[in-house]
Amino acid sequence: MSLRPTVRPATPQLRRRILAWYQTNARNLPWRKTKNPYRILISEVMLQQTQVTRVLEKYHRFIRRFTSFEVLARASAAEVIRAWSGMGYNNRSVRLRELARIVRDRFNGRLPSRVDELLLLPGIGRYTAHAVACFAFGQRVPLADTNIARVLARLFPGEGPDPWSIADRILPRRHVYEWNQALMELGATICTAARPKCTSCPVVRMCPSAFSIAARKATLHKKERGRNGIPNRIYRGRIIELLRKSNSRGRGLMDIGRGVKPNFSAADHKWLVTLLAGLERDGLIQSRNRGNSVVLRLAS
DNA sequence: AACTCGTGGTT
DNA sequence: TAACCAAGAGT
């Protein structure tokens with residue numbers, strides 16, 4: 001019996017090369033210069049489905065205005081929603097404030113550090129829980145986001161569709177913070193979805209997919225039929241954006257509808273009412289009927 | 001488990 | 001220009 005498997009995994013070399021590459025190629029991102037759990041959490045939630053360049057614009061202003069869980073918990077929903085302007089997925093801002101209140105009321109103002117505790121908080125799923133555990137609390141946990149999933153799928157084709165199991169298998173003992181950041185960095189800057197820069201890749205020699213951009217599997221997904229084929233969330237966003245500017249509008253539904261949808265007609269009334277109910281249910285707005293008109297405002 | 005939730009840049 | 005894409009989460 002041999003002392004080691006006949007086919008030695010290439011992971012040691014893979015780790016070395018990727019970590020070395022990261023050392024000299026890491027972007028200078030503000031959330032990489034702190035281990036403050038609050039700031040790490042804010043950055044990770046902002047980064048959900050949102051480009052780094054967009055987050056960079058808003059991150060500083062947000063944490064300067066809301067400096068801690070305590071401050072964020074004390075703010076009104078409307079304030080937080082306004083500060084979220086331009087970020088998209090406005091539900092995240094509401095959940096972030098709810099999270100801050102839970103941390104204040106039930107965790108003595110300190111963010112839990114364990115993954116299983118983090119997962120119970122609103123707006124925190126598997127990715128964010130692991131990211132916070134690793135980046136803020138230094139824990140040795142694997143990480144898989146869309147970048148890492150793409151990198152691993154190209155490096156290890158045929159190991160199944162679950163990036164988490166691969167990430168777990170190749171996770172190094174040490175330098176886990178740098179490792180997880182490096183995998184994301186590689187996916188974001190080199191191993192990109194559209195035109196991977198294989199000539200600049202530190203592990204091109206170990207990559208079965210090098211220079212063979214996997215034919216984008218025809219994304220079968222998402223109908224998202226709204227009005228005229230435009231998803232409802234677009235109109236939701238327009239309503240929120242309107243309310244960010246003018247706090248309250250006491251007008252007819254017709255006026256509100258015309259404010260967010262061209263050619264808004266009486267036939268769209270029911271649709272708009274449903275839309276507003278959804279926004280209210282999500283804690284983004286409050287609406288009151290006042291006779292023949294409606295008063296809308298951002299939630300308090 | 002498919003669907004929904006913004007926003008704006010890139011192709 | 002229409003489609004795609006971006007540090008996912010909730011239902």
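Note that this is a predicted model, so its numbers are computed, not measured. Residue numbering restarts at 1 for every chain, and letters A, B, ... go by the order of the sequence lines.
- Using a 4.0 Å heavy-atom distance criterion, A/Ile40 is classed as making no nucleic acid contact.
- Note on A/Met46: nothing from the nucleic acid sits closer than 4.0 angstrom, heavy atoms only.
- Enclosure of atom CZ in A/Arg27 by more than 12 non-hydrogen atoms of other residues, nucleotides or ligands within 6.0 angstrom is indicated.
- Residue contacts shown for A/Gly125 are limited to sugar-phosphate atoms, with no base heavy atom under 4.0 Å away.
- Atom C1' of nucleotide C/dA7 and atom CE of A/Met184 are separated by 5 Å, given to the nearest angstrom.
- Note on A/Trp31: a base of the nucleic acid sits closer than 4.0 angstrom, heavy atoms only.
- Residues A/Arg106 and A/Glu117 are not paired through a salt bridge, judged by the lack of any N-O separation under 4.0 Å between the basic side chain and the carboxylate.
- Within 4.0 Å (heavy atoms only), A/Ser43 reaches no atom of the nucleic acid at all.
- Note: A/Phe62 and A/Trp84 have perpendicular aromatic rings, judged against thresholds of 30 and 60 degrees for the angle between ring planes.
- The residue among A/Leu29 and A/Gly123 whose nearest nucleotide of DNA chain C lies closer to the 5′ end is A/Leu29.
- In A/Asn263, the CG atom is not crowded: 12 or fewer heavy atoms of neighbouring residues, nucleotides or ligands sit closer than 6.0 Å.
- Atom CD in A/Glu98 sits roughly 13 Å away from atom C1' in C/dA9 (whole-Å rounding).
- In this structure, A/Thr146 reaches the sugar-phosphate backbone alone: every heavy-atom distance under 4.0 Å involves primed, P, OP1 or OP2 atoms, never a base.
- B/dC3 and C/dC4 have their P atoms separated by 15 Å, given to the nearest Å.
- B/dG6 and C/dT11 are spaced 14 Å apart, taking the P atom of each and rounding to whole Å.
- Residues A/Gly187 and A/Arg95 each lie close to DNA chain C; by heavy-atom proximity, the contact nearer the 5' end of the strand is made by A/Gly187.
- For C/dA7, neither phosphate oxygen OP1 nor OP2 lies less than 4.0 angstrom from any side-chain nitrogen or oxygen of A/Asn180.
- Residue contacts shown for A/Ile234 include a base, since a base heavy atom lies under 4.0 Å away.
- Within 4.0 Å of A/Arg150, counting heavy atoms only, lie sugar-phosphate atoms of the nucleic acid but no base atom.
- Using a 4.0 Å heavy-atom criterion, one finds that A/Arg54 contacts the bases of the nucleic acid, with or without backbone contacts as well.
- Of all heavy-atom pairs between A/Leu155 and A/Met206, the closest is CD2-O, 4.2 Å.
- Here, B/dA2 and C/dA7 have their C1' atoms 23 Å apart, quoted to the whole Å.
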